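Read through the structure below, which is laid out as C-alpha cells, and then see the notes.
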Number of protein chains: 2
Amino acid sequence: MIVDRRDLDFVLFELLGVERLLERPRFAAYDRGAIRQMLDTAQQIAEAKFLPCAAEVDADEPAFVDGKVRMPAATGEALRAFAQAGFFALPFPEEAGGLQAPWFLHTAVGGLFTCANTAISNYAFLTVAAANLLNAFGSDALRETFLPPMLEGRWFGTMCLSEPQAGSSLADIRTTATPAQDGLYRISGSKMWISGGEQEISQNIVHMVLAKIPGGPAGTKGISLFLVPKRRVGRDGTLGAPNNIALAGLNHKMGQRGTTNCLLNFGEGGDCLGHLIGEPHRGIEYMFHMMNEARIGVGHASIMAALGGYLYSAQYARTRPQGRRADQRDPTTPQVPIIEHADVRRMLLAQKAAVEGAQALSLYCATLVDELATQDDAQERRRLSALLGLLTPVVKSWPSEHCLEANKWAIQVLGGYGYTRDYPVERLYRDNRLNHIHEGTFGIQGMDLLGRKVAGDGGETLRAFAATMREAVAAAARHPRLGEDASRLAEAIDALLETAAGLLACADPARRLANATVFLDAFGHVVIGWMWLRQATVAAGALAAQDLPDAERAFYEGKIVTCRYFSRHELPLAQARLALCASLDATCLDAPVEIFAG
Amino acid sequence: MIVDRRDLDFVLFELLGVERLLERPRFAAYDRGAIRQMLDTAQQIAEAKFLPCAAEVDADEPAFVDGKVRMPAATGEALRAFAQAGFFALPFPEEAGGLQAPWFLHTAVGGLFTCANTAISNYAFLTVAAANLLNAFGSDALRETFLPPMLEGRWFGTMCLSEPQAGSSLADIRTTATPAQDGLYRISGSKMWISGGEQEISQNIVHMVLAKIPGGPAGTKGISLFLVPKRRVGRDGTLGAPNNIALAGLNHKMGQRGTTNCLLNFGEGGDCLGHLIGEPHRGIEYMFHMMNEARIGVGHASIMAALGGYLYSAQYARTRPQGRRADQRDPTTPQVPIIEHADVRRMLLAQKAAVEGAQALSLYCATLVDELATQDDAQERRRLSALLGLLTPVVKSWPSEHCLEANKWAIQVLGGYGYTRDYPVERLYRDNRLNHIHEGTFGIQGMDLLGRKVAGDGGETLRAFAATMREAVAAAARHPRLGEDASRLAEAIDALLETAAGLLACADPARRLANATVFLDAFGHVVIGWMWLRQATVAAGALAAQDLPDAERAFYEGKIVTCRYFSRHELPLAQARLALCASLDATCLDAPVEIFAG
C-alpha cells in the first residue's frame with residue numbers, strides 16, 4: 001500500500017481546491033480528470049515496478065566492482081518505466097519539452113513513487129531538481145543541449161554541494177573552478193554525500209556543482225554554479241570522452257541504501273571541464289532559488305516513508321489477534337484484533353495525525369509554488385514568496401522529526417515482527433532517518449526559520465500568517481464539534497506570536513537563536529494544528545450532508561477525531577516548548593564544553 | 001568508549017552510597033576496591049574482545065547453513081573470555097558456585113559489555129537470567145546438574161515465552177507438556193523470538209520454557225515452567241542424545257543482529273523431554289518473580305546503547321570543525337568545533353540527561369534488589385518489593401523510549417556521517433530499537449504500572465514513593481542554585497499524585513487505562529527528574545569544597561547544568577502529558593476502527 005487515494009483527493013480537491021489553480025492558462029491542459037489519470041498511471045507503475053523490489057534494493061545495495069557501480073537490475077527497469085511514462089518531464093514548461101504540470105501534481109505523483117521505493121525514486125527526483133536549476137538559470141545553449149536528455153530520463157542529474165570538510169557550512173567549500181579554453185572551467189575538488197553520483201543506468205550524469213573561481217570573494221559570496229557532465233558532450237548532444245570524475249568511494253548508509261551515495265573526485269586523472277551556469281559568484285543565490293521546491297520534496301519524501309508505515313501497521317492491527325480488552329480478561333474468550341486496544345489506536349492516531357497533517361501542509365506549500373509561478377502582481381508575489389519562505393523550514397523539518405516518530409510507532413504496532421526485515425516498517429524507519437539530516441539539518445532549518453524568515457522582516461510575515469491561521473480558527477468555531485479544537489489552536493497562535501515577539505526583542509543574537517530548533521518544532525506543531533483544523537472544518541461541513549455512504553462518513557469522522565487527537569495530545573507539547581523559548585532559556589547556550597564526557 | 005568511569009563511581013559511591021550495602025554479610029567479600037577491580041577487569045575484556053567486533057557481528061549476522069548456525073568466530077571468543085573471568089557466576093550465591101556479588105555490580109559490569117557489544121552480551125545475560133530462575137525455583141537435583149555448567153559459561157540459557165500467535169498475550173500460548181516416563185514431560189509446540197535459541201558456541205543450551213500441562217486451568221493460570229535442554233543430560237551432567245528441538249528459522253532483525261533470534265519447534269522429529277521446575281501451573285508466578293531483575297536488565301541495556309552514542313557523539317562534536325557561532329559570521333575566520341553551537345550542546349545535553357538520569361535510576365533499582373535479598377524484616381520487605389514493583393515498568397520503559405531518542409540525537413550530531421555504517425551511532429540506534437518491544441512492550445508496561453502497580457493498592461505505594469521524592473525536593477531546596485529545579489519537581493509530583501487520584505477514581509477500567517502509556521511516560525519523567533535533582537544535590541554539596549581540581553569541578557557542574565536542562569526542557573512535557581491523563585481523555589479509546597486507512 002503506497003497511497004490513500006481518498007485522502008489525496010480530499011486534500012487536493014476539498015481542502016486545497018486546486019481546481020482554482022487549474023483555471024490558469026499555464027495549466028490549461030489539466031483538469032480534475034487529467035490529474036486523477038496521471039495519479040492512476042503513477043500508482044500503477046509505482047506498484048508494479050517500484051514497490052516489489054524495495055526490499056531487494058535495500059538488502060542488495062550498490063557495490064563498487066571493477067571501477068563500476070553494480071546494483072540490482074530492478075533499479076534501472078523501474079526508472080525506465082518512469083521515463084517512458086514521461087514523469088521526468090512532468091513539471092517543466094512545454095517550450096522546454098515538458099508536460100507543464102503544476103508543482104503540486106509533481107509532488108503528489110512523486111509521493112507515490114517515494115512511498116513505494118524512495119531509494120529508486122531519488123535518482124528521478126534529483127534529475128528533476130538538477131534540470132529545474134538548469135532550466136531556470138542556464139544559458140539557451142546549455143538548456144538546448146542538456147535539458148532534452150534529462151527530461152527524457154536518458155541522462156540523470158545530481159546536486160554536488162557538500163564536501164568532506166564542509167557539510168552544513170557551504171562557505172567553507174574548497175572545490176575550485178579555473179577558467180579554461182572555450183569559456184569552460186577546470187573543476188578540481190572532492191564532493192561528498194552525492195546521491196546518484198555514480199551509476200550505470202543512465203547514459204550520462206549531469207552534476208550541478210558548487211565551486212569557487214579563484215580570486216572571488218570569501219565565503220558563500222564566492223561560490224559559483226557549474227554544470228559538470230560525467231562524459232563530455234558535443235554541442236549537438238553527442239557523448240564524448242569521460243570527464244575525469246572519479247568515484248572515490250560509496251557511503252554505506254542505514255537507509256535509502258539503493259541510492260548510491262558517493263565521494264567524487266573532480267579532476268582526478270585529467271581535466272574535468274565544467275560549464276558555468278549564469279553569472280560567476282551567484283551559485284548560492286541560484287541554489288537557494290530552487291531550495292523551496294527541493295525542501296518540499298525532502299519533506300514530502302519523509303511523509304511518504306511514514307505513510308508507508310501507517311498504512312501497513314493499520315492493516316496489520318486490523319488483522320492480528322492478540323490479547324483482550326481491558327474490561328474483558330476471560331482467557332477462554334477469543335483474542336481480539338489489536339486495533340481494539342486503546343494504545344494501538346493511539347499509535348495509529350499518532351501516525352495518522354503526523355502523516356495526513358504533514359501531507360496537507362506539503363501539498364499546500366506545493367500549491368504556493370504554483371501560485372507564485374502564475375502570479376504577475378509584484379506585491380502578491382512578494383507576499384507568496386515570504387509565506388512560502390516561512391513555511392519551507394517547517395515543511396522540510398517537521399516531517400523529518402514527527403513522521404520519523406510515526407515510523408517508530410509503525411514498528412511498535414507490529415511488535416517483534418516490526419523489527420524484523422521480513423516486514424517493511426523497519427526499512428521505512430531507516431530510510432526516513434536520513435531526511436532529518438540531508439538538505440539542511442533540523443538545526444540549520446531552525447536557524448533559517450528564526451534567524452532569517454521570522455527575524456528578517458521583524459516578524460511581519462509571521463504575523464500575516466497568524467492572521468491567516470486565525471481565519472481558520474473563526475471558520476472552525478462555527479462548528480459546535482470543533483469549538484475546543486478552535487480555541488486550543490487560537491491559544492497556541494497567541495503563544496506563538498508572543499514568543500516570537502519576545503525573541504525578536506532580544507538584542508543578543510546568540511541568545512535569541514539559542515533554542516531555534518525548539519522554536520521550529522513548536523511552530524511546526526502550530527502549523528500542523530492549523531492544517532488539522534482546516535481539514536476538520538471541511539469534514540464537519542461534509543458530514544452535514546444527508547445520506548452519506550458509511551465509508552464517506554467514517555472518512556470525514558476520521559478527520560475530526562484526528563484533529564481532536566492533535567489538539568489534545570500534541571498541541572500542549574508545543575505550548576510547553578513555546579514557554580521554554582519565551583523564557584530565553586540559555587541552558588544549552590551556556591553549558592560549558594567541559595561538562596560532556598566522551 | 002564504553003563507559004564514563006567517573007560517572008559510574010559518582011552514581012555508586014556518592015549518589016547511592018552502595019558501601020552501606022556492602023556491610024551486609026552476604027556481600028562481605030566486596031568493598032569499594034573490589035568493586036573497582038571488578039569493573040576494571042570487565043572494562044578490559046569488553047574493550048579487548050567485545051567492542052572491536054561489534055560492527056563485524058552486525059554486518060555478518062548469523063546464518064542458517066547445513067542445519068547449523070554459522071556466525072563470526074569473534075562471538076565465541078568474546079564469550080569465552082567473559083566466562084574465564086567468572087562473570088557468568090557473578091550474582092549467584094557461593095553455595096551454588098557463584099561469586100555472590102550484589103545485583104548492582106552485576107548490572108554495572110553487564111553494562112560495560114552491553115555498551116561494547118549488546119549482540120554478544122545477550123548470550124551471557126540470558127544465561128544468567130535462566131540460571132537465576134533455575135536457582136530460585138528448581139529442585140536440588142536440577143540445580144546440581146544444570147547450574148555448574150551454566151555458571152561456568154559452558155552451557156548457555158534461553159527464555160522461551162512467546163509463540164508465533166502469542167507475543168504479549170501469554171494466556172494464549174499453545175505449547176503443551178504431557179507427562180512422560182521418570183517424571184519428565186514431553187514438550188510440543190513452537191516458540192518464537194528466542195534469543196540465543198540456537199548457536200554452536202556452548203556445549204549445550206538450557207531452555208526455560210513456558211508450556212501448558214493438558215487439563216490445567218485456562219489462561220495464564222494453566223502455565224507451567226520447564227527446563228528443556230538442547231541435548232539431554234545424565235544425572236552426572238554427561239551430554240546425551242539431541243532432544244529434538246528443531247531450528248525452524250532465524251529472524252533477521254534491524255538491530256542486535258549478532259544474537260540469533262529463533263523460531264524453535266519443540267518435539268519435531270521425536271520426543272522432546274523437559275523437566276518441570278517447581279510445581280505445575282505456577283510458571284507465570286515464577287517467571288514474574290524474576291521479572292524485576294530481567295526488566296532492569298533490558299532497561300540497562302537500552303541505557304548502554306544510548307551511552308555508547310552519547311560518548312561517541314560528544315567526542316565527535318569536540319573535534320569536528322564546522323561553521324561559526326551565531327554572532328561571528330565572517331567566513332575568513334576559522335571554523336569552530338561543532339560543540340560550540342548551542343544546538344549541538346542541546347543534543348548532547350538531551351543525551352546526557354537521558355543516559356545519566358536513567359543509569360542512576362537503573363542502578364538504584366538494582367540496589368533495591370540487593371536490599372530485598374538481604375532484608376529479613378517482613379514489613380520492610382513488603383515496602384521494598386512494592387517500591388521496586390512500581391519502578392520496574394519505568395526502568396524498563398523510560399530508557400527504551402528516551403534513550404532511543406538519545407541515540408537519534410547521536411546520529412544527528414554526526415550529520416551525514418551519523419547515518420553511515422562506518423560510524424557506530426546508527427547501529428546503536430538499531431540495536432536499541434528492539435528494547436522498546438521485547439520483555440514487555442511500552443504499552444504493556446503502561447498497563448502494568450497503572451493497572452497493577454498504582455491501582456493495585458489504591459495508590460498507597462505511589463504516595464509513599466512521592467513522599468520519598470519530596471524528601472529529595474526538600475534537600476535540594478537548601479541549595480540556592482537548585483531552588484528552581486526543586487520547585488519544578490515539587491509541582492510535577494503534585495500533578496502526578498492528583499492525576500493518579502483522578503484515574504483511580506474512574507470507575508470504568510477501559511477509560512482509566514486508556515492513556516496508560518502516556519501516564520507511564522510522564523511518570524517516568526518525574527522519576528528521572530527526581531534522580532537528576534538528587535544528583536544535582538550531591539554535586540552542589542561537593543562543589544562547596546575548596547580547591548577542587550578543574551576536572552572535578554566540571555564534572556559536578558555538569559550534574560547541575562543537566563538537572564536544569566531536565567527541569568526546564570523536559571519536565572514541562574511531563575506536565576502536559578499528566579494534564580491529558582487527568583482529563584480522562586478518551587480520544588484514542590473511542591476512535592472508531594473504521595477511520596484508519598490501510
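Since the model is a prediction, treat every value here as computed from it, not as a measurement.
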Distance col, row Tyr419(A):OH vs Asn435(B):CG, nearest 0.5 angstrom, shows 9.0 Å

Taken in chain and number order and not counting sequence neighbours, the residues that satisfy salt bridge (charged side-chain N to carboxylate O under 4.0 Å, His left out) with Asp585(A) are Arg568(B)

Counting heavy-atom pairs under 4.5 angstrom with chain B, the leader among Gly558(A), Gly418(A), Ser169(A) is Ser169(A)

Those residues at least two apart in sequence (or on a different chain) that pass salt bridge (charged side-chain N to carboxylate O under 4.0 Å, His left out) with Arg325(A) are Glu340(A)

Of Gln256(A), Gln335(A), Glu557(A), the largest count of non-hydrogen pairs under 4.5 angstrom with chain B goes to Gln335(A)

Under 4.5 Å to a heavy atom of chain A? For Asn515(B) that would be side chain

For Asp343(A) and Gly443(B), the nearest pair of non-hydrogen atoms, with its separation, is OD2-CA, 3.4 Å

Any Gln412(B) side-chain heavy atom under 4.5 Å of Arg433(A) side chain = yes

Turns out that what part of Arg511(B) lies under 4.5 Å from chain A's heavy atoms comes down to neither

Under 4.5 Å to a heavy atom of chain A? For Arg320(B) that would be side chain

Heavy atoms of Asp172(A) and Pro331(B) approach each other most closely as OD1-O, 4.4 Å

The interface call for Arg512(A) against chain B, heavy-atom contacts under 4.5 Å, is neither

Looking only at His436(A), Met1(A), Lys352(A), the option with the highest number of non-hydrogen pairs under 4.5 Å against chain B is His436(A)

If one checks every heavy atom of Leu513(B) against chain A at 4.5 Å, the contacting part turns out to be side chain

Between Phe596(B) and Ala314(A), the two heavy atoms sitting closest are CB-CB, 4.3 Å

Here the gap from Leu434(A) atom CG to Ile411(B) atom CD1, rounded to the nearest 0.5 Å, amounts to 9.0 Å

Against chain A, residues from residues 344-351 of chain B with at least one heavy atom under 4.5 Å, in numeric order, are Arg345(B), Arg346(B), Leu348(B), Leu349(B)

Scanning both residues in full, the closest heavy-atom pair of Tyr417(A) with Pro164(B) reads OH-O, 3.0 Å

Looking at Glu61(B) and Arg421(A), is there a salt bridge between them, counting it only when a charged N and a carboxylate O are closer than 4.0 Å? yes

Checklist entry - Is it the case that more than 12 heavy atoms not belonging to Asp550(B) sit under 6.0 Å from its CG atom? => result no

Honestly, the part of Phe555(B) sitting under 4.5 Å from a heavy atom of chain A is neither

Pair count under 4.5 Å, heavy atoms only, with chain A: among Ala586(B), Gly416(B), Ala576(B), highest is Gly416(B)

In terms of heavy-atom pairs under 4.5 Å with chain B, the winner among Thr517(A), Asn251(A), Asp4(A), Val518(A) is Thr517(A)

When the 4.5 angstrom heavy-atom criterion is applied to Lys408(B) and chain A, the contacting part is both

With chain A, the option among Arg564(B), His438(B), His569(B), Gln315(B) that has the most non-hydrogen atom pairs under 4.5 Å is His569(B)

Whatever's closer than 4.5 Å to a heavy atom in chain A on Leu404(B) counts as side chain

Turns out that what part of Val3(B) lies under 4.5 Å from chain A's heavy atoms comes down to neither

If one checks every heavy atom of Arg324(B) against chain A at 4.5 Å, the contacting part turns out to be side chain

Honestly, the part of Glu405(A) sitting under 4.5 Å from a heavy atom of chain B is side chain

Is a side-chain N or O of Gln322(B) found less than 3.5 angstrom from the main chain of Gln165(A), in a donor-acceptor match?
-> yes

Rounding to 0.5 Å, atoms CG (Leu571(A)) and CG (Leu580(B)) come to a distance of 12.0 Å

The interface call for His341(B) against chain A, heavy-atom contacts under 4.5 Å, is neither

Bottom line for Arg318(B): the part with an atom under 4.5 Å from chain A's heavy atoms is side chain

Checked Phe442(A), Tyr312(A), Tyr423(A), Tyr316(A) vs chain B; the most non-hydrogen pairs under 4.5 Å come from Phe442(A)

Bottom line for Glu570(A): the part with an atom under 4.5 Å from chain B's heavy atoms is neither

Given Asp590(B), Leu589(B), Leu307(B), Asp422(B), the one with more heavy-atom pairs under 4.5 angstrom with chain A than any other is Leu589(B)

All heavy atoms of Gly415(B) vs all of Ile437(A), minimum pair found to be O-CD1, 3.4 Å

If you tally heavy-atom pairs under 4.5 Å between each of Ala551(A), Cys588(A), Pro217(A) and chain B, the highest tally belongs to Cys588(A)

With sequence neighbours left out, the residues meeting salt bridge (charged side-chain N to carboxylate O under 4.0 Å, His left out) with Lys253(B) are none

The interface call for Glu594(B) against chain A, heavy-atom contacts under 4.5 Å, is both

Taking every heavy atom of Ile595(B) against every heavy atom of Ala554(A), the minimum-distance pair comes out as CG2-O, 3.6 Å

Turns out that what part of Arg553(B) lies under 4.5 Å from chain A's heavy atoms comes down to neither

Distance col, row Met254(A):CE vs Thr420(B):OG1, nearest 0.5 angstrom, shows 10.5 Å

Bottom line for Gln575(B): the part with an atom under 4.5 Å from chain A's heavy atoms is neither

